[in-house]
Amino acid sequence: MEQEVLAYLNSDGTIVDTQTAAQSGEPETIIPFDNSEKALEVIRHSTAHLMAQAIKELYPDAQFFVGPVVDEGFYYDFRVSEKIGEEDLKKIEKKMKDLIKKKYKIEKYEISKAEALEKFSQDDLKLAVLSRIPDETVSIYKQGEFEDLCRGPHVPALRYLHNFKLTRVAGAYLGGDENAEMLTRIYGIAFADKASLKAHMLMIEEAKKRDHRKLGTEMELFMFDEASGAGLPFWMPKGARLRSKLEDILTSSHRRRGYEPVRGPEILRADMWRTSGHYACYGENMYLTEIDGQEYGIKPMNCIGHIQIFKQTGKSYRDLPLKYFEYGVVHRHEKSGVLHGLLRVREFTQDDAHIFCTPEQIKEVVLEVVEFVDAVMKKFDFDYTMEISTKPDKAIGDDDVWELATQGLKDALSDNDLPFGIDEGGGAFYGPKIDVKITDALGRKWQCGTIQVDFNLPERFNVEYVAEDNTRKQPVMIHRAILGSFERFIAILTEHYAGEFPFFIAPTQVIFVPISDDHVAYAKMLKNLLTEEGIDSEIYGKNDSLNKRIRLAEKQKVPYVAILGDAEVENKTVAIRDRRAKEQYNLTQDEFMVKLLHQLKEGKI
RNA sequence: GCUGGCAUAGCUCAGUUGGCUAGAGCAGCUGUUUUGUAAACAGCAGGUCGGGGGUUCGAGUCCCUUUGCCAGCUCCA
């Protein structure tokens, strides 16, 4: 069967649509009508136009801004006088289907920029688009009565656009500027065939099932309380069990790597935040209060506390690198609209550390932290990428110091063949950083760990150590977090494992189901044994049928359900339902304990 | 913060165009049953319909306001 030509591909990788090819000649490579990356790009772009056409028919006063293809489909930004809600999407979809039935071809013609300015003189949004185009000639695409300024590429005709779905409607600032007018944005997705669209929608449904907010409520891990305030998480017993296991594992791994635990106060005088630069550069995110007529700030970061502790006693070059760590509770005023389950909250705990070292030690220290990050990521089967962020607009310190610090980070990664991207202007106000971004099961990226090089705060706080030549020198500070925050990390863990946590952090690790009351005593004895070893278990001995209790136990997503009846009591064994292996088997009590203790040790990092 | 939407029992949801005492399943509690691998049976209890104000003879339902949540924008661990 001959493939349908959707568009063509130039040797330089650019897409040439059939309309353009008709004018300038056909490149050799064709893009067939399928779900390849290039084909989808064209299909989705044209679907965005089709949507615009439908919107224009339904809302004649609509004016359109831009309608690009993005990772998750496409969108179009536009202005209308009417309010558009989710239920209107159906109406627009229907109109789009109607338009396809009219069998419009998509035609292209070119006009000069001057003609375009004249043509769209009544449309300030299109004029805004035009102002961003440097070319002297612009192209117009036309389907039926609908015309749009566009550089393409597009499919040849509307009949290629059957398989789409409008997914959501939202506001979006014109040009992404927070201070600009807000337009209406509608997102959609499109594929070459129906099955792929269906599969995509199914994938979205699956993703919703592992949403940590849903699982967190179902599994009673954490909660939020409307009356208590937005963005302030409460850890329920099961969530707190999980979290404390994670904390314990991580505490050991820090101690093993030579970190010293410290702890600073939750609140410090505002003058400290003025000295550090937080007041000027981070003040919008800080909670301030007054005590006895003096201004105080609740800490949004832990660095100041650690600096004071460092300064309290004299330090020698022999002490460096010196690593202080703290599970630091921080408060940050996040805008109300960005709060999102445990992924964005206003109070959270960082697995924070500050490493004081000499400039010469930067590279080795950074590498050691990178190794630490890698060990933790591997333990939880996470894929991750690294990104170096450079000096932001709001920053303290001289450019050459920034350059030095940034180069230090780059060298550390480059010299060890560790790949990284660059985020220009994304650094912290006191120094550049390496961000560690976890790719979750759904391909989304989350910033978690971070490694920041800071020459500025040591200078501002006059931090010193005595060097080998008996002079006083200023150390460099490396700010770093591995998980980032327990809140965000646990949210990602929950979604990554769909609630089925590995044994060494599972909130409940074993559920015992005694078959009848006669077996409860044996269950209690085993539970005590496990408690002694720091393993959490529960006994499902309620007055329910055996089948029901097994069902309830299984729904808890625990690693092991152990059934105990006459045979088990008599032979000192347990009948296991193993969640990970998805099988059932019998073990002696001793084998059971050995197996669990072994799996507990798997948590060592 | 902005745009649009949502808010009914611990959880998931019903509740006609405003009209009797707001319903169901699961979870909870009580009892009967004592179970061998994913829902035994019966009963009980549970709600200021997010909060406040208003319109109306009458509001879960309409209006205003406020809090929280959801989707995105902008920002970030």
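In what follows, chains are A, B, ... by sequence order, proteins preceding strands, each numbered from 1.
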Within the 4.0 Å heavy-atom criterion, would you say A:Arg577 contacts the bases, only the backbone, or no part of the nucleic acid? base

Minimum-distance nucleotide (side-chain atoms of A:Arg213 versus B:rC70, B:rU35, B:rA77): B:rC70

What contact category does A:Ala227 fall into here, base, sugar-phosphate, or nothing, at under 4.0 angstrom with non-hydrogen atoms? nothing

Out of B:rA27, B:rC73, B:rU34, which nucleotide sits closest to the side chain of A:Val338? B:rC73

Any donor-acceptor pair under 3.5 Å joining the side chain of A:Arg168 to the base of B:rA71? no

For residues 168-178 of chain A, which residue pairs pass the salt bridge (charged side-chain N to carboxylate O under 4.0 Å, His left out) check, not counting sequence neighbours? A:Glu178-A:Lys335

Checking all strands, does A:Ala553 fall into the base, sugar-phosphate, or nothing category for heavy-atom contacts under 4.0 angstrom? nothing

If you look at every strand shown and take non-hydrogen atoms under 4.0 Å, does A:Lys335 touch a base, only sugar-phosphate, or nothing? base

With a non-hydrogen cut-off below 4.0 angstrom, is A:Val561 in contact with a base, only sugar-phosphate, or nothing? nothing

The nucleotide from B:rA38, B:rA77, B:rG36 with an atom nearest the side chain of A:Lys555 is B:rA38

Once you apply a heavy-atom cut-off of 4.0 Å, does A:Asp566 come out as touching a base, just sugar-phosphate, or nothing? base

Kindly say whether, by distance alone, the side chain of A:Arg346 makes a donor-acceptor pair under 3.5 Å with the base of B:rC76? no

Counter-base of B:rG23, judged by Watson-Crick or G-U geometry with both distances under 3.5 Å: B:rC13

Quick check: on RNA chain B, is the nucleotide nearest A:Asn543 upstream (toward 5') of the one nearest A:Ile563, or the reverse? Name the residue that is more 5'. A:Asn543

For the side chain of A:Tyr187, counting heavy atoms from C-beta on, which of B:rA39, B:rC73, B:rG36 is nearest? B:rC73

Of the listed nucleotides B:rC73, B:rU34, B:rA38, the one nearest the side chain of A:Ile550: B:rA38

Indicate, with a heavy-atom threshold strictly under 4.0 Å, whether A:Lys433 touches base, sugar-phosphate, or nothing. sugar-phosphate

In terms of side-chain heavy atoms of A:Glu334, which of B:rA77, B:rU35, B:rA27 is nearest? B:rA77

Just so I know, are the side chains of A:Trp235 and A:Ile490 near enough to count as touching, which here means a heavy-atom distance under 4.5 Å? yes

Just one of A:Val373, A:Val369, A:Leu413, A:Thr450 clears the side-chain contact (heavy atoms from CB on, under 4.5 Å) bar with A:Ile434, so which one? A:Leu413

Look through every strand shown and name the nucleotide pairing with B:rG47 as Watson-Crick or G-U wobble, where both distances are under 3.5 Å. none

What's A:Asn547 touching, base or sugar-phosphate or nothing? Going by heavy atoms closer than 4.0 Å. sugar-phosphate

Need one value for A:Asp225: base, sugar-phosphate or nothing, where a base atom within 4.0 Å counts as base even if backbone is also close, heavy atoms only. nothing

What's A:Lys542 touching, base or sugar-phosphate or nothing? Going by heavy atoms closer than 4.0 Å. sugar-phosphate

Do the side chain of A:Arg185 and the base of B:rC73 come within less than 3.5 angstrom through a donor-acceptor pair of N or O atoms? no

Determine the contact category for A:Ile84: base if any of its heavy atoms lies under 4.0 Å from a base atom, sugar-phosphate if only primed atoms, P, OP1 or OP2 are that close, otherwise nothing. sugar-phosphate

A:Asp423 bridged to A:Lys437 by N-O distance under 4.0 Å: no

Choosing from B:rC2, B:rU74, B:rA77, which nucleotide comes nearest the side chain of A:Met182? B:rC2

With both distances under 3.5 angstrom, what nucleotide forms a Watson-Crick or G-U wobble pair with B:rC76? none

Sequence neighbours excluded, the answer for salt bridge (charged side-chain N to carboxylate O under 4.0 Å, His left out) partners of A:Arg241 is A:Asp536, A:Glu538

What is the nucleic acid contact for A:Ala230, judged by heavy atoms within less than 4.0 Å: base, sugar-phosphate only, or nothing? sugar-phosphate

Do A:Ser545 side-chain and B:rA40 base share a donor-acceptor contact under 3.5 Å? no

Please determine if A:Arg243 and A:Glu487 form a salt bridge, counting it only when a charged side-chain N lies under 4.0 Å from a carboxylate O. yes

Quiz item: A:Glu568 side-chain donor-acceptor pair to B:rG36 base, under 3.5 Å: yes

What does A:Gly565 touch in the nucleic acid at a heavy-atom separation under 4.0 angstrom: a base, only the sugar-phosphate, or nothing? base

